[in-house]
Amino acid sequence: MVHRPIYLDCHATTPVDPRVLEAMLPFFTEQFGNPASLTHAYGWEAEAAVARSRQTLAAAINASPEEIVFTSGATEANNLAIKGIAEACFSRGRHIITVQTEHSAVLDPCKYLESLGFQVTYLPVQPDGLVNLDALDKAFRDDTILVSVMAANNEIGVLQPLAEIGMRCRDRKIIFHSDGAQSIGKIPLDVEAMRLDLLSLTAHKVYGPKGTGALYVRRRPRVPLAAQLHGGGHERGLRSGTLYTPQIVGFAKAVELGEAAMAAESARLTDLRQCLWNGLRPLGGLHLNGHATQRLPNNLNLSFDGVDGQALLLGLRGIVALSSGSACSTVSSAPSHVLKALGRDDALAYASLRFGLGRFTTAAEIDQVVAGVISTVQALRQVAE
Ligand SMILES: *Cc1c(COP(=O)(O)O)cnc(C)c1O
């Protein structure tokens, strides 16, 4: 078997937890019915499993089950939220507010809407990656219909002040959406406390299967949303398409496990992350990207002085699997738009590493990664001298 490096890329995806897989398996071959088949037991048992999953997911975010719309993931949920609001509310206004450090699954739908005549304000962030609330206050307009701000950033892990933003939106009767892809099952999310109207979720960042997610859509007061997929009228007309029962069951199981383990797992990952940071610190010439404490427990993002980004990633390839400071989409090699928004120059942005620790990361692995990064960076700096 090929030697495989240590996996520290948990913001890209996570392995399926074996307990999640176990929960999913009966729904492929035994309880395989279509949850929309209402005339026989095969359909009923699939529908019952979907209903239980909906209940679990709703409870995790303090919502009610009818407010959960299943999708193929957070990309689809973001598209449904942003385009769906734009379409449903364009007669009221055509201005949207979002943030420069959002995921492309938010930025690209916004850019698309700009091509249709909508106007989008992309708020800058402070050097610590957090949204400046004063800048938000100044950005609101009479024709603003939607604010979209992610819960946790997928590159630098910072946690945006959702409750403060939600309060401002509610006061102005503006719809508030958040991309919660990195947050569900890892940090507390509460649609009431945060006054969220729409919240995008995905399973595969929290030890669930890829290709499944959900959009929370508030019912009281009802959020107007135009469907983007039309067909059999599934999900109360908001997202047609036969529900993927095994994936949905796995998604709910993953979130249930994440919620149950949240406190312990956060503490363990914070400790491991601290070991990694303390271990690397003697290298010197390091810049922490993102707020030091208001961030996901499993995220560390560092820029390294005096090394070439490409060479750094190449040197680490056999040791640790992680992402660099080039755009998180592997197709593009531009420097990360998130690190640029923090004010990093191109060279530093390229010479950056995103460490994403996870449920299955061990202290021994962190020790190995520390040793590997130190020797690689030292060697590269020596060459550069
Ligand atoms: C991974 C991710 C997405 C995309 O989610 P998919 O389920 O893979 O479509 C969107 N936003 C953020 C912040 C992410 O981390």
Side-chain angles (χ1 to χ4, degrees), residues 7-16 20 57 61 68-84 98-112 122 125 129-131 147-160 162 165 177-187 189 194 196 198-216 228-229 239 241 244 247-248 250-252 254-255 258 289-290 295-301 322-323 325 327-332 336-339 341 354-358:
Y7 189 79
L8 286 189
D9 204 12
C10 286
H11 301 297
T13 197
T14 53
V16 169
V20 168
L57 291 165
I61 58 169
I68 301 293
V69 174
F70 286 112
T71 66
S72 63
T75 300
E76 188 191 333
N78 286 342
N79 272 267
L80 174 57
I82 295 167
K83 295 181 198 165
T98 186
V99 186
Q100 288 174 1
T101 52
E102 291 291 312
H103 192 273
S104 55
V106 163
L107 295 176
D108 289 355
C110 286
K111 281 183 209 138
Y112 168 71
Y122 299 92
V125 293
L130 294 174
V131 170
V147 171
S148 180
V149 180
M150 71 201 325
N153 187 276
N154 50 295
E155 291 190 38
I156 55 174
V158 299
L159 310 180
Q160 298 294 0
L162 294 192
I165 299 168
H177 166 252
S178 185
D179 177 347
Q182 294 287 343
S183 313
I184 180 71
K186 297 193 199 125
I187 57 164
L189 286 175
M194 294 166 168
L196 284 160
L198 299 155
L199 176 62
S200 299
L201 306 174
T202 192
H204 75 99
K205 312 273 172 79
V206 61
Y207 316 98
K210 294 171 194 42
T212 194
L215 180 66
Y216 156 77
Q228 301 298 303
L229 282 181
R239 200 278 191 181
Y244 192 175
Q247 303 293 96
I248 288 170
F251 181 16
V255 168
N289 294 312
R295 67 194 297 142
L296 289 170
N298 68 327
N299 175 282
L300 183 68
N301 190 313
L322 38 60
S323 293
C328 83
S329 60
T330 44
V331 246
S332 155
S336 149
H337 70 284
V338 174
L339 300 180
R354 174 184 73 176
F355 300 90
L357 288 60

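Please read all numbers here as calculations on a predicted model, not as lab measurements. Numbering starts at 1 and runs along the sequence shown. In listed order, ligands and their atoms are each counted from 1. The basis for the numbers below is simple: all heavy atoms, side chains too, and nothing from hydrogens, waters or symmetry mates.
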(message) Is any side-chain heavy atom of Ile82 closer than 4.5 Å to one of Tyr112?
(response) no
(request) Find out whether Thr13 and Lys210 are in side-chain contact, i.e. whether some heavy atom of one side chain is under 4.5 Å from a heavy atom of the other. (result) yes
(request) Output the list of atoms in ligand 1 that are nearer than 4.0 Å to some heavy atom of Met150, sorted by atom number. (result) 13 (C)
(request) Among all protein heavy atoms, pick out the one at the shortest distance from atom 7 (O) of ligand 1; state its residue, atom name and that distance to 0.1 Å. (result) Thr202 OG1, 2.6 Å
(message) Quick one about Glu155 and Ser336 (side-chain donor to acceptor, distance below 3.5 Å, no hydrogens or angles considered), yes or no?
(response) yes
(message) Among all protein heavy atoms in this structure, tell me which lies nearest to atom 5 (O) of ligand 1, with the distance rounded to 0.1 Å.
(response) Ala74 CB, 3.3 Å
(message) Looking only at protein heavy atoms, which one is nearest to atom 4 (C) of ligand 1, and what is the separation?
(response) Thr75 OG1, 3.5 Å
(message) What I want to check is whether the side chains of Ser200 and Asp179 have a donor and an acceptor closer together than 3.5 Å.
(response) no
(request) Enumerate the atoms of ligand 1 whose separation from the nearest heavy atom of Asp179 is less than 4.0 angstrom. (result) 10 (C), 11 (N), 12 (C), 13 (C)
(request) Check whether any side-chain heavy atom of Tyr216 lies under 4.5 Å from a side-chain heavy atom of Leu201, and answer yes or no. (result) no
(message) Among all protein heavy atoms in this structure, tell me which lies nearest to atom 8 (O) of ligand 1, with the distance rounded to 0.1 Å.
(response) His204 NE2, 2.8 Å
(request) Do me a favour and list the nearest non-hydrogen protein atom to atom 2 (C) of ligand 1 with residue, atom name and distance? (result) Lys205 NZ, 2.4 Å
(request) State, yes or no, whether a side-chain contact exists between Asn299 and His11 at a heavy-atom distance under 4.5 Å. (result) yes
(request) Measure from atom 3 (C) of ligand 1 to every heavy atom in His11, His103, Lys210 and give the option owning the shortest one. (result) His103
(message) Heavy-atom distances under 4.0 Å decide this one: backbone, side chain, both or neither, for Asn154 against ligand 1?
(response) side chain
(message) Assess, by modelled atom type and distance only, whether the side chains of Arg354 and Ser323 contain a donor and an acceptor separated by less than 3.5 Å.
(response) yes
(request) Heavy-atom contacts with Gly73 under 4.0 Å: which atoms of ligand 1 show up? List them by number with element. (result) 7 (O)
